[in-house]
Structures are given as C-alpha cells and as structure tokens.
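I have placed the structure first, in the form of structure tokens, so that the comments after it can refer back to it.
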Amino acid sequence: MLSAEQILVIVSILLLISILATIVSSRLSIPALLLFLSVGMLAGSEGPGGIEFDDPWLVQFLGVVALSFILFEGGLSTHWRSVRPVLAQGAVLSTLGVLFTALLLGLFASVVLDFSFLHGALLGAIVSSTDAAAVFSILRSKNVSLKGELKPLLELESGSNDPMAVFLTLGFIQLLLSPQSSIFNLIPMFVQQMLIGAVLGYGMGKGMVFTVNRVKLEHDGLYPVLTLAMVTLVYGLTASLGGNGFLAVYIAAIVMGNSEFIHKQSLKRFHEGLAWLMQIVMFLALGLLVFPSHVVQIIPVGLLIAAFLMLVARPFSVFAILHFFKVPLREKALISWVGLRGAVPIILATFPLLAGIPQAELFFDVVFFVVLTSVLVQGTFLPQVAAWLQVDAPFIKRTPSPLEYAPTGKSRNDMIEVPVPQDSPIVGRQIVELGLPQGVLIVLINREDEYIVPRGNTVLEPDDILLVLADKDDINGLCDIMKTCPVL
C-alpha cells in the first residue's frame with residue numbers, strides 16, 4: 001500500500017505533466033483534454049505507470065464536485081449583455097436539442113448494439129451534452145474567434161446543457177430499474193428539478209452577492225474560501241430539495257457574475273484556475289479508470305456511434321431547432337460541428353455502473369471512445385471548419401493589466417478593455433478629439449505590450465488596447481464613438 005507521501009508525489013507529478021502538456025497542446029493544436037486523458041491512461045494499470053485504480057464511486061463523487069465548480073466558473077464569466085440576444089436559441093438547444101440528440105442516438109445505438117430502446121436512450125443521454133471549455137481553448141490556441149453571435153450562443157448552450165443531460169441520464173436509469181414506470185413519469189420530475197433549480201439558483205446567487213459584499217472578513221484570502229463553501233452549498237441544498245443542483249449552480253454564477261461585488265476580478269481568476277484544476281483532475285481520474293484493452297475491442301461499434309453522433313444526431317437537432325430562428329446557414333453548420341464532448345459524458349457513464357444497469361461496463365467503454373473521437377476529430381479540425389465556413393474572426397488576445405479595479409459592490413463604474421481595430425474611425429485621432437462621454441476615462445493604453453499613460457494629445461494607433469474606467473451608463477456611448485465594443 002502506498003504511503004501518503006508517495007501518493008502526494010504521484011499526484012503532483014501527474015498534475016505537473018498535465019499542466020506542461022497544455023504548452024504542447026497549443027503548439028501542436030491538439031486539444032488539451034486529449035492530453036490529460038492520455039496522461040491518465042499511461043499512468044493507469046495497463047500503462048507504464050501501473051497505478052491500480054478501479055473506483056467508479058470516487059470518480060462520480062469527484063465528478064459531481066468538479067462539474068459544480070466548472071459550471072460555476074462558466075456562469076461567472078458569462079456576460080448577460082452578450083447572451084441576452086441569443087437566450088431563446090440557447091435555452092432551446094440546451095433542452096430540446098439535448099433531448100433530440102439523446103433519442104436519435106439512442107435509436108441508432110439500440111440497433112447497432114442490439115439493446116432495448118431505453119438502454120440506447122440512456123447511452124444517448126450520457127453523451128448528449130457539449131463542452132464549451134474544450135471549444136474555446138482550441139480556438140484560443142489557434143488565435144481564432146467567431147463572428148457575430150456565435151460565441152455567446154455556443155457559450156450559453158454548452159454551459160447550460162449539462163443539467164438536461166444529467167436529468168435524462170438519471171431519468172432513463174430510473175425507467176430501467178422500474179420497468180412499471182412510464183416515460184411520462186419523467187415530465188413532473190423534469191418540471192420539479194428545473195423549477196426548483198432555477199428558483200434556488202437565482203435566489204442563492206443574489207444571496208452570494210449580498211454575503212460577499214456585507215461580510216467583512218479580516219483576511220482577503222478568505223473570500224475564495226467563502227465562495228467555495230457557497231458553491232457547494234448551492235449544489236447540495238438544491239439537490240437535497242429535489243432540484244437540479246447543476247442548473248442552480250450555473251444560474252447562481254450568472255447572477256453573481258453580472259453583479260458588482262468586492263474582489264470580483266481576483267475571485268474570477270481564482271475560479272478560472274480552480275475550473276482548470278477540476279478538469280485536469282477529472283480527466284486524469286477518468287484516464288486511470290479506463291482499460292485501453294477494453295476500448296480497443298469496441299472500436300468498430302464506437303466509430304459507428306461517434307460518426308452518427310457527429311454527422312447525423314447533432315446536426316439534425318441543431319438544424320431542426322434553429323430552423324425557427326433567424327440563424328444563417330453557415331452558423332448553423334458550425335454549431336452542428338461544435339459538438340465536442342468533454343468530461344461530463346464520462347462522469348455520467350459512471351452512473352449506470354453504480355446503479356447496476358446491465359452492460360454498464362460496455363456503456364463506459366463506448367462513451368469513453370466517443371468522447372475521445374469527438375475531441376480528436378471535431379477539436380482538431382474546428383479552426384479549419386470555422387475558416388471554411390467563413391465564420392472565423394481574429395482573436396483579441398487579452399493581456400495582463402498592471403491595474404486591478406476592485407469595486408465596493410455599490411459602484412456604477414467598471415474597468416474594461418477596448419480594442420482599436422485597424423479600420424476604426426478613431427485611428428489617427430487625438431483623445432481630446434473623440435468627444436468621450438463624461439463618465440469615461442482612458443486610464444492606460446497597451447501598445448505592443450507596452451503601457452502608455454495617455455494625455456489629451458495622445459494619438460490612437462491601430463491595435464491599441466485601451467484600459468478604460470467607465471460609468472456603466474456610458475459604455476454604449478463609448479461603443480458608438482469607437483465603433484467597437486469593450487472586452488468585458
């Protein structure tokens with residue numbers, strides 16, 4: 001049996017290798033999640049590491065905790081002003097889109113694997129959610145962004161479709177364990193989980209903002225600990241009361257992220273780092289849990305299911321739903337392709353294992369292979385597909401700011417970055433000539449990674465990044481003058 005010291009050494013080495021693997025990921029355009037999985041598999045019982053690990057319960061527990069913090073970080077960085085125009089599309093994609101994908105894939109899997117339809121639907125539900133973190137980490141590594149409302153729509157859909165996937169997975173497991181139950185029994189369960197999750201998420205999000213602003217802690221380092229406790233409380237309390245804990249966490253994070261509270265920027269950075277840690281830990285654990293020899297045996301079936309998911313189920317669901325919205329054809333095509341699967345499906349694959357569902361081990365191996373294929377194929381070719389569809393845009397790289405603005409929770413001001421495009425009408429003009437709103441002050445100018453203290457006669461140049469302190473009411477006026485919107 002390994003000693004505590006040996007376990008710490010092993011865990012530290014695995015984390016360090018995974019973190020360094022992100023550098024390789026950026027340079028080779030390989031999705032980082034794929035490398036995390038590979039590190040776990042190499043360290044596992046059938047790899048050179050030889051670590052014996054076969055505890056689905058521990059993986060599921062870690063997965064629930066990790067997913068809560070990943071969803072919280074996603075919601076915390078979601079800007080309501082950006083997602084509000086695409087709220088309807090995102091909400092329908094994250095609910096009906098997940099349902100359509102699960103049912104279509106379930107029908108196909110029941111034929112290919114000779115399962116009952118409920119078994120196939122359970123498999124479809126497990127792999128029905130998408131991963132926003134994987135998508136945007138790949139785009140960032142290639143310095144690619146997306147045009148129009150694609151980015152906020154994908155962020156909203158990917159961030160909010162996990163609760164639906166969890167609900168369907170638990171619902172189909174319940175139907176399999178209770179054959180006398182009807183699929184219509186899931187309707188009141190759905191209403192209860194989503195209603196309680198939404199109400200408690202909104203209320204507790206407001207409570208989190210109130211608590212952070214009103215509790216005067218003696219040490220600033222305790223504020224991250226405070227938010228950690230509140231995130232786990234939101235999930236645990238909501239789930240205990242019969243609601244969807246993941247939905248509650250996501251909504252609470254959106255409420256908090258779009259409110260003013262002290263130490264906002266430092267807390268957002270803390271949760272961003274925590275979300276990365278959770279992803280690394282999850283993919284390492286899942287890599288350790290899988291047996292490569294088992295996965296090899298299901299490659300033919302796995303390829304069929306992965307291909308159907310990527311080329312039929314996901315595109316059909318996206319096109320069928322977005323047909324009722326004014327979304328251009330090229331954007332629909334990209335949304336169809338951007339259906340990367342991440343850690344959530346593999347976490348959900350542990351639920352049938354613990355529930356004692358027949359063929360649960362086969363489920364896990366197939367899901368693992370589908371996720372691996374999705375990340376490898378869709379992730380690798382995502383920048384090329386975006387360029388081919390002509391929906392890509394230059395990526396605006398954010399640089400570390402030498403200043404941090406910490407609002408008190410009552411301030412109406414915000415510190416924002418405003419890029420100056422090369423074709424902007426303000427290029428070549430002095431700051432004094434811009435006619436900026438009274439509540440707007442340009443604090444610093446980042447020019448080729450050097451910071452300039454501006455004066456009235458400072459001439460703006462292409463690709464400048466302006467660090468602006470602005471009253472929230474004047475941000476729209478600033479956008480009108482500069483013909484560009486701030487990076488929030």
Side-chain angles (χ1 to χ4, degrees), residues 26 76-86 136-137 139-155 257-258 260 264-266 268-269 272 383 386-387 390-408 411-488:
S26 298
L76 202 62
S77 58
T78 297
H79 303 290
W80 180 248
R81 199 165 51 222
S82 300
V83 302
R84 184 167 51 189
V86 295
F136 292 107
S137 64
L139 292 174
R140 279 195 298 270
S141 69
K142 296 295 290 182
N143 293 326
V144 174
S145 187
L146 298 173
K147 291 180 179 178
E149 296 178 338
L150 269 174
K151 186 174 184 291
L153 177 55
L154 289 171
E155 284 180 333
N258 289 274
E260 289 301 337
K264 184 173 185 177
Q265 295 305 318
S266 58
K268 288 177 72 173
R269 283 199 298 270
E272 182 182 1
Q390 299 177 359
V391 294
D392 58 330
F395 180 76
I396 299 174
K397 184 179 180 181
R398 299 201 64 174
T399 54
S401 171
L403 299 178
E404 180 170 333
Y405 176 65
T408 62
S411 173
R412 293 195 51 79
N413 299 324
D414 203 354
M415 186 79 79
I416 55 179
E417 287 185 4
V418 182
V420 180
Q422 295 188 358
D423 58 350
S424 173
I426 67 173
V427 171
R429 298 176 63 185
Q430 297 180 359
I431 291 177
V432 72
E433 300 173 341
L434 300 181
L436 296 175
Q438 188 175 359
V440 172
L441 176 66
I442 299 178
V443 181
L444 286 176
I445 300 176
N446 182 337
R447 183 173 294 166
E448 296 179 353
D449 292 333
E450 292 187 5
Y451 283 94
I452 302 171
V453 178
R455 298 180 179 179
N457 62 354
T458 301
V459 177
L460 297 177
E461 297 183 3
D463 300 322
D464 280 350
I465 298 178
L466 313 182
L467 190 64
V468 178
L469 182 63
D471 186 288
K472 294 177 180 177
D473 292 336
D474 293 321
I475 290 179
N476 290 334
L478 177 64
C479 289
D480 293 338
I481 292 172
M482 298 194 164
K483 305 302 180 188
T484 184
C485 286
V487 178
L488 300 174

Rounded at 0.5 Å granularity, tell me how far [atom1] in [X] sits from [atom2] in [Y].
X	Y	atom1	atom2	result
Leu76	Glu272	CG	CD	10.0 Å
Asp464	Ile452	CG	CD1	6.5 Å
Leu444	Leu466	CG	CG	10.0 Å

Quick one: side-chain contact (heavy atoms from CB on, under 4.5 Å) partners of [X], sequence neighbours excluded?
X	result
Thr78	Val83, Tyr250, Ile254
Pro462	Gln422, Val427
Val432	Gln430

- Show your reasoning for whether salt bridge (charged side-chain N to carboxylate O under 4.0 Å, His left out) applies to Glu155 and Lys151. CA-CA 6 Å; Glu155 284 180 333; Lys151 186 174 184 291; 2.8 Å; yes

- Side chains of Leu460 and Leu434 in contact at under 4.5 Å (non-hydrogen atoms):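 Heavy-atom side-chain distance check passes, below 4.5 Å.
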
- Message: Taking the side chain as everything from C-beta on, heavy atoms only, tell me whether Gln265 gets closer than 4.5 Å to Arg269.
- Response: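 The answer is yes; the side chains approach within 4.5 Å.
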
- Message: Which residue in the set Val420, Val453, Ile465, Ile431 passes side chain to side chain contact (heavy atoms under 4.5 Å, CB included) when paired with Ile445?
- Response: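 Result: among Val420, Val453, Ile465, Ile431, Ile431 is the only option passing the side chain to side chain contact (heavy atoms under 4.5 Å, CB included) with Ile445.
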
- salt bridge (Lys or Arg N to Asp or Glu O under 4.0 Å) against Glu461, all qualifying residues, sequence neighbours excluded: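 If we apply the salt bridge (Lys or Arg N to Asp or Glu O under 4.0 Å) test to Glu461, skipping adjacent residues, the hits are Arg447.
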
